[in-house]
Every structure is written in structure tokens, then in C-alpha cells.
Number of protein chains: 2
Amino acid sequence: MGEAATAMDEWTERQKDVLDAVLDLLVTGGDAVTTAAIARKANCSKETLYKWFGDRDGLLAATVRWQASRVRAGNFDAQHLDASQLRESLEAFAVNWLSVISSRTSIALNRVGISHAGSGKSGLGRMVLANGRFAIGERLKPLLEAGRANGLLAFDDTETAFRTFFGLVGRDVQIRLLLGDRLETTEAEIARDAARATQQFFALYGAPQTQKPLQGRI
Amino acid sequence: MGEAATAMDEWTERQKDVLDAVLDLLVTGGDAVTTAAIARKANCSKETLYKWFGDRDGLLAATVRWQASRVRAGNFDAQHLDASQLRESLEAFAVNWLSVISSRTSIALNRVGISHAGSGKSGLGRMVLANGRFAIGERLKPLLEAGRANGLLAFDDTETAFRTFFGLVGRDVQIRLLLGDRLETTEAEIARDAARATQQFFALYGAPQTQKPLQGRI
DNA sequence: AAATTTGTGTACCGTACGGTACGGTTCGGA
DNA sequence: TCCGAACCGTACCGTACGGTACACAAATTT
């Protein structure tokens with residue numbers, strides 16, 4: 001993850017403004033995201049767009065990376081954690097993740113990536129995946145493993161444990177939103193769902209009272 | 001759900017052939033699904049396409065309904081079920097659902113629905129949702145409630161219980177496939193995941209030994 | 001058998017959009 | 001003050017594609 005900051009300084013301020021304009025257009029699903037509309041919204045010429053970003057797909061890819069570069073939430077320092085710290089961290093992760101996938105920005109970018117994946121060119125899809133599903137995985141796994149090291153969680157495969165957490169948190173929210181379902185995702189609702197998912201996760205992967213993790217769990 | 005069979009006899013055999021051609025083109029993501037390509041593949045004229053289905057969106061909507069009409073798996077007759085029957089039924093549901101969302105057909109149709117949802121017109125998205133997420137929900141809920149009535153499951157809200165099962169089964173599979181991730185979904189893998197999800201669901205919602213459902217569970 | 005219907009195949013039209021060219025303007029450096 | 005680079009705004013080009021028109025064949029009706 002050495003290139004964490006590349007997208008931050010890869011472009012000038014003016015260029016970031018352009019990328020923000022693209023995001024604005026993507027999120028406001030009303031009108032199509034044509035190069036002409038982007039240029040109009042960003043008060044720049046189409047020629048400049050192509051000079052800076054190559055072609056339309058390059059511009060969209062840059063937009064995905066730009067958005068991803070400023071979503072990175074602070075990593076959790078997870079040494080010497082006790083049960084309540086772990087629970088709070090997991091719940092915070094769940095809240096963050098639910099907030100992200102419920103945001104209009106995430107919905108729009110995922111739609112773009114999915115559309116591109118359906119058109120053969122899989123670059124954007126992989127990029128969205130890397131900055132969404134896989135980024136959250138890499139950030140969460142250390143916490144899970146710290147929990148296991150401290151005898152709070154019991155699992156064999158970190159990936160499986162993470163995917164279970166992912167499923168318990170996300171459930172059907174993302175696919176429903178992507179398909180246009182009006183799903184109220186208030187802050188209170190998200191907090192409640194995050195708490196429920198965390199509780200369920202502990203019910204499945206919480207270590208028994210003894211400090212040593214139990215073998216043979218899934 | 002009285003209109004279960006409408007899409008089956010709404011079209012003539014010839015028209016169903018056309019819809020199958022559309023499905024073929026959608027699944028074979030190589031070339032774009034233009035009306036010209038559809039007409040060529042179906043050996044019919046574009047004029048006939050428009051006469052039968054109105055416009056391109058109508059054709060896509062008909063295709064979604066046509067595919068949905070023949071996916072309906074047999075409902076489970078769930079009276080007097082014991083624990084192993086319930087487990088088997090849930091596992092069968094999970095296998096079926098994982099097979100569906102892993103199929104190229106489902107991926108293609110969901111991509112179309114999502115693209116349309118991103119373009120304002122939400123008709124196709126809602127249709128895919130109704131025949132996917134919500135159809136499986138309506139089919140599974142009776143089984144869950146039968147399990148509760150027989151003292152095998154304990155939950156207050158059927159919808160919440162179902163969504164948990166949905167999350168445990170689907171996890172990150174659908175979004176990864178939609179975004180173009182190569183994810184091996186062999187039959188064996190699906191069977192293993194279905195068994196794991198079912199086991200986890202029982203761990204969360206299985207009633208304690210006493211026949212009476214325990215109150216206060218989530 | 002003539003007429004009507006139904007459908008195929010091809011040609012055509014209008015528009016939207018990605019990409020390019022170019023004149024005009026601003027701005028920093030010599 | 002002059003020059004060149006960067007950039008804006010607009011006009012333009014080519015193509016792809018949704019939708020329509022039309023000529024012709026097959027089938028069905030009368």
C-alpha cells in the first residue's frame with residue numbers, strides 16, 4: 001500500500017476540481033455524464049479534458065481513484081484491545097461501511113464500474129472493487145487477527161471470518177440501492193444495523209470464556 | 001402472486017425465441033446488445049421487434065420477465081418439519097440462490113437493471129429486484145415462519161431473519177461478480193458455502209432445546 | 001386465385017456522443 | 001512589450017445506434 005497518497009498529488013488543484021465536477025455529475029443521476037457535460041460543469045474545454053486524462057475512460061478511472069484517495073478512514077490501532085474496544089471498533093467499521101455503500105457517491109461509482117464490467121473492459125470494475133470491498137477487507141483483517149491474538153475471537157480463516165462480517169453488515173443493502181430501491185438509510189438505522197451485525201458476529205466468532213481460542217470453529 | 005404464469009403464455013413461441021436471443025446476447029457480453037444485433041441473432045426484422053415489444057426498453061423488460069418466469073423453483077411444502085428437514089430446505093435455498101447469482105444470466109440481467117437505474121428510468125431495476133431479492137424473500141419467509149411455528153427457530157421479525165440469512169449466504173459474491181471479479185463458483189464451493197451459511201444461521205436463530213421459542217432474541 | 005395479413009431484409013433518418021481542430025484569451029517569462 | 005504556453009469556448013467530424021419506411025416473400029383468408 002505504498003502508493004496510498006499517489007492520487008492525492010497526482011493531479012493539480014485545477015484537475016481535482018475537474019474530477020469533482022465528474023463526481024457531481026455522476027451523483028446527480030439526472031443527465032448523462034458526457035464529455036461535453038463534464039467540460040461545461042467544470043468550465044474547461046473538452047480538449048483540455050483529453051489532454052489531461054487521455055480519453056473518457058481515463059477520466060472516469062481518475063475520478064474513481066480520486067474519490068478513493070479521500071475516503072481512506074484512519075486505521076485502527078489495535079494493540080492490547082479488550083472485548084469492548086474490539087466491539088466498538090467492529091461497530092465503527094460497520095457504521096462506516098454502511099454509510100459508504102449508502103452514499104450516492106458509492107452507488108454512482110459502483111454503477112459505473114458494473115456497467116463497464118458488462119462492456120468487456122473490466123478496468124473500472126476492478127478499480128472500484130479494489131477501493132471498496134478489498135480495501136475494507138485489508139483494513140478490517142488486522143483488527144480481526146488482533147482480536148484472535150488477544151483471545152477475543154476464534155476462527156481459522158481470516159478471509160472467511162471477514163466475509164461473514166461483510167455479509168452480516170451489508171446484507172441486501174447494496175444490491176437494492178444499486179437497483180434503484182428506495183431504502184431509507186438514516187443514521188439511526190445504520191447505527192442499529194451495525195450494532196446488530198456486530199452482535200451476531202460475536203455470537204458466531206466470539207471466543208468462549210477461556211482465554212485460549214477454541215479450535216474447530218469455522 | 002396470482003400472475004405467476006403470465007410471462008409464460010404472454011408471448012408466442014416465436015416471440016420467446018426472440019427473447020432467448022436477447023438473453024444469449026446479454027450473456028455473451030462480447031458485443032453490444034443493439035436492436036440490430038438482436039434482429040440478426042433472432043432472424044427477424046427490427047420492425048417486427050418494435051411491433052411486438054414497443055421499443056428497446058420494452059424488449060429488455062420482456063426479457064427480464066421471460067427469464068424470471070422460468071426460474072421459479074418449486075416451493076417447499078413445509079408442514080410438520082423437523083430440524084433436519086428445515087436444515088436441508090434452508091441449505092437447498094442457499095444452494096439455489098448462490099447458483100442463481102453466480103449464473104451468467106443473473107449477472108447480465110442485474111447489470112442491465114443497474115445501468116438502467118443509473119439512467120433515471122428505474123423500471124428495469126425494480127423488475128430485477130422483484131424477481132431476485134424479493135422473490136427469494138417471499139419464497140423463503142414461509143419456511144422460516146414454519147420453522148418458528150414448530151419451535152425450531154426463534155426470531156421476532158421475519159424480515160430481519162431473512163435478511164440475515166441473505167447476508168450469510170450471499171456475502172460479497174454478487175457485488176464481486178457484478179464488478180467483473182473472477183470468482184470461481186464451482187458446485188462444490190457453492191455446496192460448502194451453503195452449508196456454512198445454514199449452520200451460521202442456526203447458530204444465530206436456532207431455538208434452544210426447549211420447544212418454546214426464546215423471547216428477546218434479535 | 002385474388003387479397004389481406006404477417007413477417008423478413010435492407011436501406012434510411014435523426015440524434016447523441018466521443019474525439020479533434022481552431023480561433024481567441026489569459027498569463028508568466030524574457 | 002513581445003512571445004509562447006496553457007487553456008477556454010465553440011464549431012466540427014465520424015460513427016454508432018434507436019427508430020422508421022419500404023419492397024418483397026410466405027402464409028392465411030375469402
Side-chain angles (χ1 to χ4, degrees), chain A residues 9-26 28-64 66 108 111-113 115-124, chain B residues 9-26 28-64 66 108 111-113 115-124:
Chain A
D9 45 35
E10 185 170 357
W11 293 291
T12 68
E13 292 304 314
R14 179 75 180 102
Q15 288 167 337
K16 292 177 190 171
D17 290 345
V18 172
L19 298 180
D20 279 331
V22 178
L23 274 178
D24 250 42
L25 276 181
L26 280 173
T28 320
D31 39 358
V33 185
T34 69
T35 54
I38 294 168
R40 201 180 322 125
K41 178 120 195 165
N43 290 323
C44 73
S45 73
K46 287 173 64 176
E47 194 166 16
T48 304
L49 247 45
Y50 285 96
K51 179 174 183 177
W52 285 346
F53 303 101
D55 58 3
R56 184 173 180 273
D57 281 358
L59 180 51
L60 291 178
T63 303
V64 170
W66 164 236
R111 279 177 179 155
V112 170
S115 295
H116 270 67
S119 310
K121 39 190 175 183
S122 62
L124 267 186
Chain B
D9 45 35
E10 185 172 357
W11 314 108
T12 69
E13 292 304 315
R14 180 76 180 102
Q15 288 167 336
K16 292 177 190 172
D17 290 344
V18 172
L19 297 180
D20 278 331
V22 178
L23 274 178
D24 249 42
L25 275 181
L26 280 174
T28 319
D31 39 358
V33 186
T34 69
T35 55
I38 294 169
R40 201 180 323 125
K41 178 122 194 164
N43 289 324
C44 75
S45 71
K46 286 173 64 176
E47 193 163 15
T48 303
L49 248 45
Y50 285 95
K51 180 174 184 174
W52 285 347
F53 303 102
D55 59 2
R56 184 173 180 273
D57 282 357
L59 179 51
L60 290 178
T63 303
V64 171
W66 164 235
R111 279 178 179 155
V112 171
S115 295
H116 270 67
S119 311
K121 39 191 175 183
S122 62
L124 267 185

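To find a chain, count down the sequence lines: A is the first, B the second, and so on, and within it residues start at 1. None of these values were measured; they are calculated from a predicted model. Atoms considered below: every heavy atom in the structure, side chains included; atoms not considered: hydrogens, waters and symmetry mates.
- Between D:dG18, D:dC8, C:dT8, one nucleotide has an atom nearer to the side chain of B:T48 than all others, and that is C:dT8.
- A straight line from CG of B:L59 to P of D:dC17 spans 16 Å, rounded to a whole angstrom.
- The two atoms that bring A:S115 and A:S119 nearest to each other are O-OG, 3.0 Å, heavy atoms only.
- Regarding contacts with the backbone of D:dC17, every side-chain N or O of B:T34 stays at 4.0 angstrom or more from both OP1 and OP2.
- Look at CG on B:L49: it is 14 Å from C1' on D:dC17, rounded to the nearest Å.
- Summarising the geometry, the separation between CH2 on B:W11 and P on C:dG7 is reported as 13 Å, rounded to the nearest angstrom.
- Residue A:R40 is classed as having no contact, given no heavy-atom separation below 4.0 Å to the nucleic acid.
- Ranking D:dG19, C:dG7, D:dG9 by closeness to the A:N43 side chain, first place goes to D:dG9.
- Of all heavy-atom pairs between A:W52 and A:R14, the closest is CH2-CG, 3.7 Å.
- In this structure, A:S45 does not reach the D:dG9 phosphate: none of its side-chain N or O atoms is under 4.0 Å from OP1 or OP2.
- Checked against C:dT8, C:dG19, D:dC7, the side chain of A:K51 finds its nearest nucleotide in D:dC7.
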With a 3.5 Å cut-off and sequence neighbours excluded, list the donor-acceptor pairs that the side chains of residues 37-45 of chain B form with protein atoms.
from: B:S45; atom 1: OG; to: B:T48; atom 2: N; distance (Å): 3.1
from: B:S45; atom 1: OG; to: B:T48; atom 2: OG1; distance (Å): 2.9

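- Within the structure, a side-chain polar atom (N or O) of B:W52 is placed less than 4.0 Å from OP1 or OP2 of C:dG7.
- Partner of B:F53 under the side chain to side chain contact (heavy atoms under 4.5 Å, CB included) criterion, out of B:T63, B:L59, B:L60, B:T35: B:L59 alone.
- Nearest to the side chain of A:A32, among C:dG7, C:dC17, C:dG19, sits C:dC17.
- Here the C1' atom of nucleotide C:dG19 and the NZ atom of A:K46 are 6 Å apart, to the nearest Å.
- Here C:dT8 presents its P atom at 11 Å from CD of B:Q15, a figure rounded to the nearest Å.
- For the pair A:T35 and C:dC17, the criterion of a side-chain N or O lying under 4.0 Å from OP1 or OP2 is not met.
- One interatomic measurement links the two molecules: CZ of B:R56 to P of D:dT20, which rounds to 15 Å at whole-angstrom precision.
- Note: CG (A:D55) to P (C:dC17) measures 17 Å, nearest angstrom.
- Here C:dC17 presents its P atom at 11 Å from CD1 of A:I38, a figure rounded to the nearest Å.
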Open item on the list: Let's go through A:L26 and A:V22 carefully: what are the C-alpha distance in whole Å and the side-chain angles of both, what is the deciding distance for side chain to side chain contact (heavy atoms under 4.5 Å, CB included) to 0.1 Å, and is it a yes or a no?
Closed with: CA-CA 6 Å; A:L26 280 173; A:V22 178; 4.1 Å; yes

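- Taking only side-chain nitrogens and oxygens, A:R14 comes nearer than 4.0 Å to OP1 or OP2 of D:dC8.
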